[in-house]
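The structure under discussion appears below in the form of structure tokens.
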Amino acid sequence: MKNHWILLLFLLIAQEDPFQARRIEMVETQIAARGIKNPEVLMAMRKVPRHLLVPKELAEYAYQDRPLPIGEGQTISQPYMVAYMTSLIQPKNDMKVLEIGTGSGYQAAVLAEIVDKVYSVEIIASLGEKAQEDLKNLGYKNVRVKIGDGFQGWPERGPFDAILVTAAAESPPAPLLAQLKEGGIMIIPIGSQDSIQELVRLENKNGKIKTTRLGAVRFVPFTREK
Ligand code: SAH
């Protein structure tokens with residue numbers, strides 16, 4: 001009986017906004033189903049219009065269970081990976097978060113739905129500028145995008161409660177670790193392009209870094225300014 005009501009609600013929403021219906025389905029089948037429980041993260045994933053942050057011709061694939069190309073050889077992560085990384089920092093509404101690798105702006109938008117302030121650095125100017133424009137048009141006033149090498153972080157805006165790195169580095173950049181608040185958490189994929197990468201959680205505890213390995217992942221490479 002309960003299922004019938006959910007189906008009816010789903011059909012009503014699908015008529016209003018087909019993309020919202022797909023988001024609700026995405027959260028059920030790809031995110032909640034795989035164990036993400038944080039209510040704020042689920043809410044943000046139901047809300048952010050991912051189809052408006054991918055190239056127009058790919059909008060219809062935006063809610064599928066996979067990464068998509070966003071130009072310049074870069075990708076927007078699979079929705080589950082965005083939800084997982086967001087949940088790992090235990091986001092709260094008073095937090096200030098740094099993201100390295102703005103890309104499409106999608107991860108920044110998901111963070112912006114939950115936390116107080118998002119700072120995001122992108123090394124490819126065309127991507128960073130487009131993301132900034134898209135995020136502005138979507139009404140996100142609490143996100144700042146900077147073009148530059150994220151290796152240096154954003155010292156003028158730090159220290160941060162959490163840092164999310166969305167490109168795979170050989171090792172955690174020291175300037176980023178230095179911009180973590182006491183108790184702050186950094187999530188970063190570590191490893192080279194041709195080896196297995198691993199998602200790592202680093203916590204700044206009494207000035208010491210506590211490392212937790214979280215399993216194999218696949219990200220585009222963290223590049224450096226020449
Ligand atoms: N978070 C993005 C994922 C984009 S892919 C999203 O939600 O769409 C990773 C991004 O990291 C790419 O856009 C790439 O250009 C960027 N990147 C790689 N190395 C970087 C660096 N050193 N500093 C800043 N951005 C970097």
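Whatever order the structure lists ligands and atoms in, that order sets their numbers, starting from 1. For clarity, every value in this text was computed on a predicted model and none was experimentally measured.
Note: no N/O pair closer than 3.5 Å links S77 and ligand 1 by distance alone. Not one N or O of V220 is nearer than 3.5 Å to an N or O of ligand 1, by distance alone. In terms of polar-atom proximity, I123 is counted as a contact of ligand 1, with an N or O under 3.5 Å from an N or O of the ligand.
Close approach of ligand 1 to I76 (heavy-atom distance below 4.0 Å) involves ligand atoms 8 (O). Heavy-atom contacts of S104 reach the following atoms of ligand 1: 6 (C), 7 (O), 8 (O) (cutoff under 4.0 Å). Within the listing of ligand 1, atoms 23 (N), 24 (C) sit less than 4.0 angstrom from a heavy atom of I100.
Two residues are said to be in side-chain contact when any heavy atoms from C-beta on lie closer than 4.5 Å; R23 and R50 fail this criterion.
Using a 4.0 Å cutoff on heavy atoms, E72 does not count as a contact of ligand 1. Residue contacts with ligand 1 leave out R224, since none of its heavy atoms falls under 4.0 Å from the ligand. At a 4.0 Å cut-off, not a single heavy atom of L53 sits close enough to ligand 1 to count as contact. Not a single heavy atom of G128 sits closer than 4.0 Å to an atom of ligand 1. Judged by the shortest distance from any of its heavy atoms, G148 lies inside the 4.0 Å radius around the atoms of ligand 1.
The backbone and the side chain of Q107 each have at least one atom closer than 4.0 Å to an atom of ligand 1 (non-hydrogen atoms only). Residue A108 does not touch ligand 1, judged by heavy-atom distances below 4.0 Å. Of the heavy atoms in E225, none comes closer than 4.0 Å to ligand 1.
Using a cut-off of 4.0 Å between Lys/Arg side-chain N and Asp/Glu carboxylate O, K181 and D161 are scored as salt-bridged.
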Where do D116 and K96 land on the salt bridge (charged side-chain N to carboxylate O under 4.0 Å, His left out) test, with the steps shown first? CA-CA 6 Å; D116 184 37; K96 180 164 75 167; over 6 Å; no

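Nearest non-hydrogen protein atom to atom 14 (C) of ligand 1 is Q74 OE1, 3.4 Å.
Across all their heavy atoms, L176 and G153 have their closest contact at CD2-CA, 3.4 Å.
When the heavy atoms of T102, T75, V121, V110 are ranked by distance to atom 5 (S) of ligand 1, first place goes to T75.
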